[in-house]
Protein chains: 2
Amino acid sequence: MSLNTALISVDVVAFRLFNGKLHVLAQRIQTDRNDSQWMLPAGKIDPVKDQSVDDTAYRQLERLTSKKPGYMEQVVTLGDNQRDSRGWSLTIVYYALIDSNDGEQLTPGAKWLPADIETLQEQLAYDHSRLIQQALDRLRSKIQYSSLPVYLLPDTFTLSEIHGVFSAVLDKAPPMRSIRNRFLQGDLLIDTGKLKRGSNRPAALYKVNQNSETWLFDRLYISTR
Amino acid sequence: MSLNTALISVDVVAFRLFNGKLHVLAQRIQTDRNDSQWMLPAGKIDPVKDQSVDDTAYRQLERLTSKKPGYMEQVVTLGDNQRDSRGWSLTIVYYALIDSNDGEQLTPGAKWLPADIETLQEQLAYDHSRLIQQALDRLRSKIQYSSLPVYLLPDTFTLSEIHGVFSAVLDKAPPMRSIRNRFLQGDLLIDTGKLKRGSNRPAALYKVNQNSETWLFDRLYISTR
DNA sequence: TGAATAGTGTCTGTTAGACACTATGGA
DNA sequence: TCCATAGTGTCTAACAGACACTATTCA
């Protein structure tokens with residue numbers, strides 16, 4: 001008796017920022033027609049390669065990009081007899097946050113699509129835009145009381161760039177004063193001593209204190225509700 | 001091609017209060033030996049009976065108790081090649097909150113066990129005590145910023161009884177002043193006008209405002225950290 | 001009337017947010 | 001030197017928590 005993984009899939013919603021906009025990793029589906037159809041990185045559990053479902057999720061990402069997610073979390077498992085025309089199906093949904101450093105190698109057929117739900121609904125096959133919506137809901141909620149924003153930024157970043165993450169994810173952001181107070185408290189960030197130049201007054205560059213795990217604050221921002 | 005549910009199970013951790021103590025619903029496992037072995041309400045997806053995984057979870061509960069959960073939520077899906085000696089297995093874990101009203105009919109073999117992790121580790125088969133731990137972690141976290149406590153109480157209850165829920169779940173509780181301020185704000189509760197007598201000064205009895213969904217507050221209690 | 005629990009008034013601490021202010025480097 | 005952006009000082013609002021106080025019923 002072994003796990004029949006025929007209609008069980010692990011789907012990953014990977015988020016990344018490009019030019020201050022949120023994007024989602026997708027791969028092209030083979031079609032006869034010329035119009036593009038896309039799907040999320042997804043696949044079955046491989047009982048030989050994978051030791052756990054997390055492994056399966058990581059493996060789906062690795063098929064499309066050379067980047068390792070700085071953060072990954074299971075969202076939900078959806079299962080019913082509606083999603084797939086063949087009958088009952090199960091999907092374990094993850095979301096992953098990818099940093100904005102350079103040096104990504106994308107597999108042919110993979111592409112970062114702008115995370116605009118209306119457009120994605122047309123571009124994505126199956127119920128994948130719904131899965132993205134659920135992952136996005138989780139991200140939008142958790143960003144407001146955790147250090148998640150840093151996982152979408154480069155290794156070193158300014159506090160304004162954290163503000164930018166909020167704008168990209170929520171379309172609104174807390175005031176810089178609040179972001180400053182929150183992120184400079186405790187040992188969350190380390191001042192690298194370097195400056196980001198090019199703007200007018202240069203901004204201090206911070207990096208994540210590796211000793212500290214993903215930080216959970218005990219209050220939500222109110223201005224982003 | 002159909003969903004082989006051989007090694008996929010849906011496990012439910014149902015919580016209920018008895019005498020101010022948290023309990024977990026379990027069912028006896030048939031054993032030759034005289035010592036009791038227990039397991040969580042769990043079972044396979046029935047592609048005919050169940051329209052969705054939530055249905056499966058509800059069905060597992062219904063097998064053991066006549067009570068319907070006031071609240072149920074998926075915790076996580078665990079899958080690896082370690083949990084089950086037969087190889088790869090998948091478990092979708094839910095937790096459910098059951099009110100403290102009377103009138104429960106338990107199926108023979110079902111029993112509410114005190115939610116003491118050390119004792120449960122000895123009583124429960126498989127990795128079920130670990131599943132309970134994960135469900136309990138989620139409950140302990142969410143109780144601190146939501147209206148979840150009310151789902152463990154009778155239809156009408158006093159504010160002191162909310163305090164009791166915190167004590168049962170966390171072994172510590174916020175001051176009554178804070179509970180009062182939080183739960184009497186907004187339209188969360190309705191004063192029934194009735195009083196709970198028997199103690200010295202009678203306490204006002206409240207009920208949940210059915211118009212309001214599960215309430216999420218924007219701060220954690222600090223005293224229960 | 002006293003014990004016990006219910007419930008209030010009010011002060012402090014913390015943190016989000018508003019807003020005016022100062023600081024600094026590039027053009 | 002001007003300007004855009006970085007960053008600070010400080011006040012307010014909201015709410016958790018501490019704590020002293022009052023209120024109400026039962027024994």
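Each chain gets a letter, A, B and so on, in the order the sequences are listed, and its residues count up from 1.
Residue B:Ser160 places at least one side-chain N or O closer than 4.0 Å to OP1 or OP2 of C:dA6. Checking the phosphate oxygens (OP1, OP2) of C:dA4, no side-chain nitrogen or oxygen of B:Ser199 falls inside 4.0 Å. Taking 4.0 angstrom as the limit, B:Thr158 places none of its side-chain polar atoms (N or O) nearer than this to OP1 or OP2 of C:dA6. The side chain of B:Arg177 places no N or O atom within less than 4.0 Å of a non-bridging phosphate oxygen (OP1 or OP2) of D:dG17. Between A:Ser223 and the phosphate of C:dA16, there is no side-chain N or O to OP1/OP2 separation shorter than 4.0 Å.
To the nearest angstrom, C1' of C:dA6 lies 13 Å from CG of B:Asp191. For the pair A:Tyr221 OH and C:dT15 P, the computed distance is 12 Å after rounding to whole Å. Here the C1' atom of nucleotide C:dT5 and the CG atom of B:Leu195 are 13 Å apart, to the nearest Å. Atom CG in B:Asp218 sits roughly 11 Å away from atom P in C:dA16 (whole-Å rounding). One interatomic measurement links the two molecules: CZ of B:Phe166 to P of D:dA16, which rounds to 11 Å at whole-angstrom precision. Straight-line distance from the CG atom of A:Leu159 to the P atom of C:dA23: 19 Å, rounded to whole Å. Atoms CG (A:Leu188) and P (C:dT15) sit 14 Å apart, rounded to a whole Å. Protein atom CZ of A:Arg197 is 13 Å distant from nucleotide atom P of D:dA6, rounded to whole Å.
In this structure, the nucleotide among C:dG17, C:dT15, D:dT25 sitting nearest to the side chain of A:Arg219 is C:dT15.
A side-chain donor from one of A:Tyr95 and A:Glu73 sits under 3.5 Å from a side-chain acceptor of the other. Side-chain contact, A:Gln60 with A:Tyr58: no donor N or O sits under 3.5 Å from an acceptor N or O. Neither side chain, B:Ser52 nor B:Asp54, offers a donor N or O lying under 3.5 Å from an acceptor on the other.
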| request: Evaluate the criterion ring-ring contact (aromatic ring centres under 6.0 Å, His included) for residue pair B:Phe166 and B:Tyr221; output intermediate values, then yes/no. | output: CA-CA 11 Å; B:Phe166 280 96; B:Tyr221 289 116; 5.6 Å; yes

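With hydrogens and angles ignored, no donor-acceptor pair under 3.5 angstrom links the side chain of A:Arg180 to the base of D:dT8. A:Arg182 contributes no side-chain N or O that forms a donor-acceptor pair with the base of C:dA16 under 3.5 Å. Taking 3.5 Å as the limit, the base of D:dA16 and the side chain of B:Asn181 contain no donor-acceptor pair of atoms between them.
Scanning all heavy atoms of the two residues, the minimum distance from B:Leu25 to B:Leu61 falls at CD2-CD2, 3.9 Å.
For the pair B:Arg201 and A:Leu220, nearest-nucleotide mapping onto DNA chain C gives the more 5' position to B:Arg201. Both B:Ile222 and B:Asn200 lie close to DNA chain D; mapped to their nearest nucleotides by heavy-atom distance, the more 5′-ward contact belongs to B:Ile222.
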